[in-house]
Amino acid sequence: MLTDAIALPTLTTPRLHLRALVPADVPALFTIFSDLEVVRYWSAPPLTDLADAARLQAEIEALFQARTLLQWGIVRHGEGPVLGTCTLADIDTNHRRAAIGFALGRASWGQGFAREAVQALVDFGFGELDLHRLAADADPRNHRSRAVLESVGFVHEGYQRESYLVGDEWQDAVMFGLLRRDWLARRGGA
């Protein structure tokens, strides 16, 4: 389990590193989360300035220290700016479950980075944290996010009407789940 870790572990994929977000990432976080297209289906309003992004980075760090949220910055091998983030939230160690979330800057869309990062997050959740269940949700109109979730094994489990108020619009949510046994079966394990 991660309870004693001092730092968020870096996860590595064939093209990416998932690493802790640091103050130097604030400009990239602002670029990503101030883009109206990126946050179109996000449950928070777009960032309006660098101070918002700095508060976001500090909040992510504080929530890691409290062990209630694990959020990584997604970067290409060899570093460079953060392309997006992926998150384990609502971590419940008693019931061995968590929720995942992810966002990519628009310049990185359509390159398979989200799928690669989410797969690493799923593998970490089941492999390192010994979780039993992962959950996710997506706006039904967000076809890209839904496709990413389904591509790594998440199953459509339900539909919540008017689940999020984004700006002045109520948005529905498609609910997804992935169980450890299904993850193991996809990997060829027992």
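- Side chains of D137 and Y164 form a contact here, defined as non-hydrogen atoms less than 4.5 Å apart.
- Look at E37 and R144 and you find no salt bridge, because none of the NZ, NE, NH1 or NH2 atoms lies under 4.0 Å from a carboxylate O.
- No option in D90, L70, T87, L149 other than L149 meets the side-chain contact (heavy atoms from CB on, under 4.5 Å) test with I100.
- Between F33 and W42, the ring planes lie tilted relative to each other; the angle falls in the 30° to 60° range.
- For the residue pair V75 and P81, the shortest heavy atom distance occurs at CG1-O, 3.9 Å.
- Each of H77, Q111, E116 was evaluated against R15; a single residue qualifies, E116, per the side-chain hydrogen bond (donor to acceptor under 3.5 Å, both in side chains) test.
- Between R186 and D182, the closest side-chain pair of non-hydrogen atoms is not below 4.5 Å.
- By the criterion of side-chain heavy atoms lying less than 4.5 angstrom apart, applied directly or through intervening Ile, Leu, Val, Met, Phe, Trp or Tyr residues, V148 is grouped together with W109 in one hydrophobic cluster.
- Linking ILVMFWY side-chain heavy atoms closer than 4.5 Å, directly or via other members, places L8 and L88 in a single hydrophobic cluster.
- Cluster membership check: F154 shares its hydrophobic cluster with L129, using side-chain heavy-atom separations under 4.5 Å among Ile, Leu, Val, Met, Phe, Trp and Tyr.
- Remark: L179 CG to L184 CG distance equals 10.5 Å, nearest 0.5 Å.
- Note: W183 CH2 to L131 CG = 10.0 Å, rounded to the nearest 0.5 Å.
- L69 approaches A89 most closely through the heavy-atom pair CD1-CB, 3.8 Å.
- Note on F126 and F102: same hydrophobic cluster, where clusters join Ile, Leu, Val, Met, Phe, Trp and Tyr whose side-chain heavy atoms are under 4.5 Å apart, directly or indirectly.
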Requested in this report: Tell me, with the steps shown, if D139 and V166 meet side chain to side chain contact (heavy atoms under 4.5 Å, CB included).
Outcome: CA-CA 11 Å; D139 186 291; V166 179; over 6 Å; no
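- R19 has its side chain within reach of D25: a pair of non-hydrogen atoms, C-beta onward, lies under 4.5 Å apart.
- The two residues A120 and L18 have their closest heavy-atom pair at CB-CD2, 4.2 Å.
- Under the 4.5 Å side-chain criterion, counting only non-hydrogen atoms from C-beta, I32 is not in contact with T85.
- Side-chain atoms of Q65 and E61 include no donor-acceptor pair closer than 3.5 Å.
- Considering CZ of R115 and CG of L104, their distance stands at 13.5 Å, rounded to 0.5 Å.
- Between the side chain of R96 and the backbone N or O of D130, at least one donor-acceptor pair lies under 3.5 Å.
- When atom types are taken as modelled, the side chain of H156 and the backbone of G158 share a donor-acceptor pair closer than 3.5 angstrom.
- Residues V82 and G84 approach most closely at CG1-O, 3.0 Å, considering heavy atoms.
- What you find for Y159 and M175 is that their closest heavy atoms are N-CG, 4.3 Å.
- Closest non-hydrogen pair, L47 versus F30, comes out as O-CE1, 3.9 Å.
- Distance CG/L63 to OG1/T68: 4.0 Å, rounded to 0.5 Å.
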Requested in this report: Please report the C-alpha distance between Q171 and R40 in whole Å, then the side-chain angles of each, then the deciding distance to 0.1 Å, and finally whether the side chain to side chain contact (heavy atoms under 4.5 Å, CB included) criterion is met.
Outcome: CA-CA 10 Å; Q171 293 183 352; R40 171 69 180 94; 2.9 Å; yes
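- Interatomic distance, L11 CG to C86 SG, rounded to the nearest 0.5 Å: 7.5 Å.
- Side chains of F176 and R146 form a contact here, defined as non-hydrogen atoms less than 4.5 Å apart.
- Atom-to-atom distance recorded for R180:CZ and R133:CZ is 15.0 Å, nearest 0.5 angstrom.
- A single hydrophobic cluster is not seen to contain both Y41 and V39; linkage of ILVMFWY side chains at heavy-atom distances under 4.5 Å, directly or through other members, places them apart.
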